[in-house]
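Here the structure comes first, spelled out in structure tokens, and everything after it is commentary.
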Amino acid sequence: SSSSIQAGGPCLKPLWRAAAMRAVACRAWRRSIALSERGLRGNNLRQSSSIVLGGGVDSEPIVKPGVMVHLSKQRHEALLESEIVHFARALQPHPITVQQILGHRDADTLREFLLVELPIRFARRLLLVEALPGWRRIPNLRVVCSLYRDAFRRLRMIPETDPERFRLTLQHIKRRHTNMLMHVVKGVRAMKKTEEVSDEVISTFLNDFLTARVGSDLLTSQYLAITRPAGPTSVIDPHCDPVAVVRSSASDACRLCKFHYGFTPPVDIVDAGNLRFPFIPQYLNYITFELIKNSLRAVAEKYGSFEASCEYPIRVVVCGDETTVVIRVSDAGGGIPPSALDKVWSYLYTTAKPQDEDHASSSECESDGGQVAPMAGFGCGLPLSRNYASYVGGRLELSSMPLYGTDAYLYLNRLGDAKEGIIEAPLPSRGLLSRVR
């Protein structure tokens, strides 16, 4: 096939990969049958599933190509469980860039790529959760595992030639995963209370998990965008205007501040250059909203009135050169104590009074409950903003002057050629497969 996607190095030929995946399915099927013969022999089974297995790369076909093999429901489940382990431990995701995603608007090619890529990413994330100690005792983490296991199975059962079913499946998965961040954060916090788990272990897990999640969400959103019945679009704006995004996020943050404090300190936005670059406006809006919101809260709480805060406006500067866009958010809200500066990147730390987690904010924990978002208190905003920035090859840094104020610097890749960071996280051994590199 001439169809291909440039995905982090060698050309990915979807049809060749599909043949390789059939070989993987054959090997996993052999293992699952052996397991199910030991554990399920003698059961009276009412339901069964049928799959077609053929030969593949470097493997002998266990049945003739095109022959229908009937499996019991339990054996079919065992096959899928074996595939999850194999996809997570023996296969690697393919890092891609914003420009590569933007440049591939052929829905068939992208679908063939995602039919292989998404199960790999979902399987790795599932095993990341299962590597946490005592995860089965945490209801939220059980929900997370159930959602990813269901998503993996649905994707693996889709024929390559059924684009409509694939699109409907992606929509279904995205709807079910709406509150995924809330479940993960609440789950690890519950684990922290009940298990002997260090803050470092939890922060590492959340960084790995959530950074990987950004990539999957971007890929699925892009496919749904280019296959919209009303006409193709893209989640990536090839001419993103950072100043326009900053103005929009500042407006949202000011409305939220006024709701909570009765007033909002002034925000000055300085456009130091007519910048345009390929970027995801949703991610940029999230990051700048969090930074401006934090500055508004600090100034409002320090000075207590609109009149007093007018002398200390929040200042946002947008500038850049040929390769980098820089956004600085400065405030005179009292700064961050030096002892707490490193802690602000932890998902377990907040400088504000902790909020009731049952009323998680839509901006930080993706709740769809309709409540007005609190100004702070969940600890997700800054570390998640840094994840979004690092995913696209940028970085987020803080510089604080104690008892005076804080400067936040957001550096973004203007070229769109930075590959996503694929986390090489350790995965648990479940006794079925050794790690293949």
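These numbers come from the heavy atoms of this one structure, side chains and all, not from hydrogens, waters or symmetry mates.
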Do any N or O atoms from the side chain of T324 and from the backbone of G320 form a donor-acceptor pair under 3.5 angstrom?
no

S295 to D331 - nearest heavy-atom pair and separation:
OG-OD2, 2.8 Å

Using a strict 4.0 Å threshold on nitrogen-to-oxygen distance, state whether E83 and R153 make a salt bridge.
no

Any side-chain to backbone donor/acceptor pair from T211 onto D208? Under 3.5 Å, distance only.
no

Could you walk me through whether F277 and L415 pass the side-chain contact (heavy atoms from CB on, under 4.5 Å) check?
CA-CA 7 Å; F277 71 122; L415 303 178; over 6 Å; no

Distance from C145 atom SG to I138 atom CD1, nearest 0.5 Å?
11.5 Å

Are the aromatic rings of F122 and F152 close, with centres under 6.0 Å apart?
no

If you take all heavy atoms of C257 and A300, which pair is closest and at what distance?
SG-CB, 4.3 Å

Side-chain donor/acceptor of D106 to backbone N/O of T109, under 3.5 Å:
yes

Decide yes or no for E164 and L168: does some side-chain heavy atom of the first lie under 4.5 Å from some side-chain heavy atom of the second?
yes

Does any part of the side chain of F263, heavy atoms only, come nearer than 4.5 Å to the side chain of C310, both counted from C-beta?
no

Assess, by modelled atom type and distance only, whether the side chains of R255 and S251 contain a donor and an acceptor separated by less than 3.5 Å.
yes

Measuring only between side-chain heavy atoms, which start at C-beta, is L181 closer than 4.5 Å to L384?
yes

Are L155 and L170 side-chain neighbours, meaning at least one heavy-atom pair lies under 4.5 Å?
yes

Provide the closest heavy-atom pair for K302 versus L403 in the form atom of the first, atom of the second, distance.
NZ-O, 4.3 Å

Is the backbone N or O of R213 less than 3.5 Å from a side-chain atom of S216, with the two atoms forming a donor-acceptor pair by type?
no

Quick check for you: to the nearest 0.5 Å, what is the distance between L132 atom CG and R137 atom CZ?
11.5 Å

With side chains defined as the heavy atoms from C-beta onward, is the minimum distance between V329 and T288 less than 4.5 Å?
no

Measure the acute angle between the ring planes of Y409 and Y411, then classify it against the limits of 30° and 60° as parallel, tilted or perpendicular.
parallel

Please give me the minimum heavy-atom distance between R124 and L91, naming the atom from each residue.
NH1-O, 4.1 Å

R142 (side chain) donor-acceptor with R136 (main chain) under 3.5 angstrom
yes

Would the number of heavy atoms belonging to other residues, nucleotides or ligands and lying under 6.0 Å from CD of Q282 be above 12?
no

Please determine if E397 and R328 form a salt bridge, counting it only when a charged side-chain N lies under 4.0 Å from a carboxylate O.
no

Salt bridge check, E130 against R149: does any charged N sit closer than 4.0 Å to a carboxylate O?
yes

For K174, is there an ion pair with D217 - N to carboxylate O distance below 4.0 angstrom?
yes

Is it the case that the side chains of T97 and D417 hold a donor-acceptor pair, with the cut-off being a distance below 3.5 Å and no angle test?
no

Rounded to the nearest 0.5 Å, the CD atom of Q99 sits from the CD1 atom of I101 at a distance of 10.5 Å

Backbone N or O of L224 within a donor-acceptor pair of the R167 side chain at under 3.5 Å?
yes

Answer yes if the side chains of S330 and D407 hold a donor-acceptor pair under 3.5 Å, and no otherwise.
yes

Does Y347 form a side-chain contact (heavy atoms from CB on, under 4.5 Å) with L210? I'd like the steps, not just the answer.
CA-CA 11 Å; Y347 291 89; L210 296 176; 3.5 Å; yes

Begin from the C-alpha positions of V245 and F279 and carry the test side-chain contact (heavy atoms from CB on, under 4.5 Å) through to its verdict.
CA-CA 11 Å; V245 175; F279 205 72; over 6 Å; no

Shortest non-hydrogen contact from I292 toward A253:
CG2-CB, 4.0 Å

side-chain contact (heavy atoms from CB on, under 4.5 Å) between Y286 and I280, intermediate numbers included:
CA-CA 10 Å; Y286 180 94; I280 308 99; over 6 Å; no

Exercise: identify the closest heavy-atom pair between P242 and L284:
CA-CD2, 3.9 Å

Donor-acceptor check, side chain of N207 to backbone of S203, threshold 3.5 angstrom: yes or no?
yes

Could you check whether any side-chain N or O of R276 sits under 3.5 Å from a backbone N or O of C240, counting only pairs where one atom can act as donor and the other as acceptor?
no

Once the angle between the rings of Y283 and Y388 is folded into 0 to 90°, is it parallel (under 30°), tilted (30 to 60°) or perpendicular (over 60°)?
parallel

About how many Å separate OG1 of T220 and CG of L118, when rounded to the nearest 0.5 Å?
6.5 Å

Using 4.0 Å as the upper bound for N to carboxylate O, is an ion pair formed by R414 and D321?
no

If you define the side chain from C-beta out and look only at heavy atoms, does anything of V129 sit under 4.5 Å from Y148?
no

Heavy-atom distance under 4.5 Å between the side chains of V98 and N413, does that happen here?
no

Would you say the side-chain atoms of E290 pair up with the backbone N or O of L382, donor to acceptor, closer than 3.5 Å?
no

What distance do E117 atom CD and L110 atom CG have between them, rounded to the nearest 0.5 Å?
10.5 Å

Might you work through the salt bridge (charged side-chain N to carboxylate O under 4.0 Å, His left out) test for D252 and K293, ending with a clear yes or no?
CA-CA 9 Å; D252 293 339; K293 182 190 72 172; over 6 Å; no

Considering only heavy atoms from C-beta outward, does the side chain of P383 approach that of L206 to under 4.5 Å?
no

Do any N or O atoms from the side chain of R111 and from the backbone of F166 form a donor-acceptor pair under 3.5 angstrom?
no

Would you give the length of the straight line joining atom CG of L115 to atom CD1 of I158, rounded to the nearest 0.5 angstrom?
6.0 Å

